[in-house]
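Note that ligands are numbered from 1 as they come in the structure, with each ligand's atoms numbered from 1 the same way. Here the structure is a predicted model, which is why all the values come from computation and not from measurement.
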Amino acid sequence: MNAKEQIETLRKALREHNHNYYVLDNPTITDYDFDMKLKELQELEAAHPEFHDPNSPTLRVGGEVTKNFVTVTHEHRMYSLDNSYSKEDLEDWEKRIQKILGNVPVEFVCELKYDGASISLSYENGELSKAVTRGDGFQGDEVTTNIKTIPTIPLKLKGDYPEKFDIRGEIILTLEGFAKMNQERVANGEEPYMNPRNTASGSLKLQDSALVAKRPLECLLYSIAGASGLTTQFEVLEKTRSWGFKVPPVAQLCKSIKEVLDFVAYWDVHRHDLPYETDGVVIKINNLQHQEELGYTAKAPRWAMAYKFKAEQVSTVLNEITYQVGRTGAITPVANLQAVLLAGTTVKRASLHNADQIAKLDVREGDTVFVEKGGEIIPKIIAVDFSKRSTESTPTVYISQCPECGTHLVRKEGEAQHFCPNETGCPPQITGRIQHFISRKAMDIEGLGGETVELLFNEGLVKNYADLYTLTTEQLIPLERMAEKSAENLVNGVAASKQIPFERVLFALGIRYVGETVAKKLAKAFKTIDALMTASVEELIAVDEIGARIAESVVQFFEDAENRETVGRLASYGLQFSLSEEQLQNQSDRLKGQTFVVSGVFESIGRNELKKLIEDNGGKVASSVSSKTSYLVAGANMGPSKRAKAENLGVSIISEQEFLEMV
Ligand code: AMP
Ligand code: ZN
């Protein structure tokens, strides 16, 4: 055997042993023999650098250092999951699904919800090519070097894998591995880590991959993104397992919501026997074509649902209630608690939401309260332990003045929140608006963070976001903690943001109720800021999905002389205040006033592309057939009940070809 063959044989054997040991939990050689083979390979590779392979088993030990993690856009967005907490929630979900699919038989796959950090792995020709964190779902950080050190992730696949695909999973620490890590830390005089999830997630962003290699991380895989040639989720799990991934065997195929509930009930009790943490069950529609038909809401797939196990509760003392002022002036009362350990993290604060909530719970300073942690980061107070209340306690009196600027608070009819109306003079509102303006989904200004905004405001350099565009390095360098380089980065970051497209500028302005999706809709409908600024409430409401509340807020915003001046300044600095040529192309009003329902599979065009075509041409896409539907665009394998409903209501059913001719 020549060196090349020897190297290949060793690599293949080590990969197999690695898989047996870590994925199958079933080693077939001793650790000693494994180490010997590894050493032999290392020596051969050192002697023959010409046979270097970035996916060799020897590179599992890490060593490469990443200074800056590169931001990468996900080819397929990484969504969140909607949560459910009861039998009723699940039954409602099934109804919503059936309404869209048209009452066809569906199967569910139940999996556990692994509690770690999500990861997207790309494979090309059977080799790991890229690993990216979830980030904000659209973009994440590339952490391939670190990910390669995790032994349950195959660097080369076996079997009949597709040429190119993305697979999604969760990076976790087992409870045992986590405990061991902490024992070592304590023995070394270091602070123990708080919980496995945060530690797993923090591990991905360590700069030294050799440190990552030392952590007992695992990756549990649960889905493929995009087309895979497979037809069901259950098949996805089985197939990916056969390619070498670690796919937990707990997943189960269920024929009804009742069977789903049995699965949930079983794991609610038995989850404590698992080697890793789970906070619920994920239920997915098994048929991938159904999944595609159901599609996504702005945040989550319609075809999946998380069921959350009941959260842990603890009791502790509420020391003080303080009040925070948000960027819109909304006041949020915060409970400052005596620190207590809850579900693995130390809790010191909990949200009290608003005055009504405080009154409803009758919560007072000095009370002993029950605190619960659900899916959200900030825990909430469930109830007061009245048996422990002191006889001297008096009811909480909600503040009437802004804790930041002293202005008398207002509360609009029907609103739960109190507001500080001093929009232009209340410091957290001013800085909050600027922080929103520069945030990632808005102007995404690099080199400028929340703290710097406060510094710039306190130094009197910026009073609103338009002031950012006149900042000079000469003004910045004298500031505390501002090196020349960071000053330049800031000024460059601000200048670069002038290229950010119109819809994001619109979102960045911080008009109340104008979130990302609404901003997109408005940009598309009005095309320029001038048209939007002069639009009446009626014209705004005429836009699909824009209601009176949003319309009034938009009109109010642009009625304000100061806002108009700010927008004028921003425009004069060269920000994008109209749709680009490219965005305007391919757009028409041809389908204006018409509502479409799209169903089935299409030949020449993907379902999402088809929907985009409808919207680009001024039409509206609805998810189920009703009397308001103008056309049902029918593809192959359309649900029979959908067709029947359309026929009943006299809705025109058109083919893909007929639709394409319309546009
Ligand atoms: P959330 O962040 O609570 O909206 O939940 C979505 C996250 O759950 C995803 O990003 C995944 O990382 C994670 N997750 C854990 N287990 C699963 C599973 N079996 N299927 C899908 N997602 C899962
Ligand atoms: Zn105020």
Side-chain angles (χ1 to χ4, degrees), residues 74 76-85 108-121 132-138 140 166-172 197 200-201 204 218-225 233-234 236-237 240 245-252 263-264 267 271 274 276-286 291 296-301 303-309 311 323-332 373-377 399-410 417-433:
H74 293 295
H76 303 277
R77 180 173 157 195
M78 292 181 84
Y79 283 88
S80 286
L81 288 169
D82 283 332
N83 289 326
S84 61
Y85 301 89
F108 305 91
V109 176
C110 289
E111 297 163 33
L112 291 179
K113 190 163 188 288
Y114 318 115
D115 204 8
S118 16
I119 194 84
S120 180
L121 307 173
V132 185
T133 63
R134 170 156 127 182
D136 64 1
F138 296 95
D166 284 358
I167 182 165
R168 302 270 157 88
E170 199 82 358
I171 307 286
I172 57 138
R197 191 220 334 205
S201 156
L204 299 185
E218 291 199 9
C219 184
L220 308 178
L221 285 304
Y222 53 72
S223 76
I224 290 188
Q233 167 67 7
F234 207 70
V236 165
L237 297 178
T240 50
F245 293 102
K246 183 152 189 168
V247 179
V250 290
Q252 190 179 311
F263 182 92
V264 169
W267 283 107
R271 64 179 152 139
L274 289 165
Y276 45 80
E277 287 193 315
T278 165
D279 58 346
V281 170
V282 183
I283 306 132
K284 299 173 185 168
I285 299 295
N286 190 33
Q291 289 192 2
Y296 299 81
T297 65
K299 292 206 177 72
W303 46 264
M305 183 58 86
Y307 186 101
K308 288 298 186 81
F309 292 134
Y323 299 85
Q324 277 178 353
V325 187
R327 96 178 142 86
T328 58
I331 308 292
T332 310
K373 204 159 148 195
E376 33 326 87
I377 299 157
I399 49 166
S400 57
Q401 279 164 349
C402 176
E404 299 283 345
C405 72
T407 305
H408 199 79
L409 300 180
V410 293
Q417 222 81 17
H418 283 74
F419 280 92
C420 165
N422 184 13
E423 275 172 41
T424 48
C426 183
Q429 295 193 53
I430 300 172
T431 52
R433 270 196 300 275

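- Against a heavy-atom cut-off of under 4.0 Å, E111 is close to the following atoms of ligand 1: 18 (C), 19 (N), 20 (N).
- A donor-acceptor contact closer than 3.5 angstrom links the side chains of Q233 and E111.
- Distance from atom 16 (N) of ligand 1 to its nearest protein heavy atom, with residue and atom name: Y114 N, 3.0 Å.
- A side chain to side chain contact (heavy atoms under 4.5 Å, CB included) with K113 is found for one member of V281, I283, L81 and no other, namely L81.
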Practice task
Apply ring-ring contact (aromatic ring centres under 6.0 Å, His included) to the pair Y276 and Y114, showing each step before the final yes or no.
Solution key: CA-CA 8 Å; Y276 45 80; Y114 318 115; 5.8 Å; yes
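- Taking atom 4 (O) of ligand 1 as the reference point, the nearest protein heavy-atom neighbour is L81 N, 2.9 Å.
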Exercise for the section: Run the numbers on I430 and T424 for side-chain contact (heavy atoms from CB on, under 4.5 Å), then give the verdict. Expected result: CA-CA 6 Å; I430 300 172; T424 48; 5.9 Å; no
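- The proximity of R168 to ligand 1, defined as any non-hydrogen pair under 4.0 Å, does not occur for either the backbone or the side chain.
- Both the backbone and the side chain of K113 come within 4.0 Å of ligand 1, counting heavy atoms alone.
- The two residues Q291 and I285 come nearest to each other via the heavy atoms NE2-O, 2.7 Å.
- No N or O atom of K308 sits closer than 3.5 Å to an N or O atom of ligand 1.
- Residue L112 places a heavy atom under 4.0 Å from ligand 1.
- Summarising the geometry, atom CZ belonging to F419 is positioned 10.5 Å from atom CG belonging to L409; distances are rounded to the nearest 0.5 Å.
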Practice task
Starting from the C-alpha separation in whole Å, work towards a yes-or-no answer on side-chain contact (heavy atoms from CB on, under 4.5 Å) for W267 and L112.
Solution key: CA-CA 8 Å; W267 283 107; L112 291 179; 3.7 Å; yes
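- Every N/O-N/O distance between V282 and ligand 1 stays at or above 3.5 Å.
- If you look at Y222 next to ligand 1, the close heavy atoms, those under 4.0 Å, all belong to the side chain.
- Under a 4.0 Å criterion applied to the non-hydrogen atoms of S118, ligand 1 contributes the atoms 10 (O), 12 (O).
- Ligand-side atoms of ligand 1 in range of S80: 4 (O), range being under 4.0 angstrom from any heavy atom.
- What sits closest to atom 13 (C) of ligand 1 on the protein, heavy atoms only, is E170 OE1, 3.4 Å.
- Residue, atom and distance of the protein heavy atom nearest to atom 7 (C) of ligand 1 are R134 NH1, 3.7 Å.
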Practice task
Step by step, work out the side-chain hydrogen bond (donor to acceptor under 3.5 Å, both in side chains) result for R168 and S120.
Solution key: CA-CA 5 Å; R168 302 270 157 88; S120 180; 3.0 Å; yes
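- From I172, atom CD1 reaches atom SG of C219 across 8.5 Å, with rounding to the nearest 0.5 Å.
- Applying the 4.0 Å criterion to heavy atoms of K284 picks out, from ligand 1, the atoms 18 (C), 20 (N), 21 (C).
- Taking a cutoff of 4.0 Å between a charged side-chain nitrogen and a carboxylate oxygen, R197 and E277 do not qualify as a salt bridge.
- The Zn ion (ligand 2) is the vertex of the angle joining SG of C402 and SG of C405, which measures 110° to the nearest 10°.
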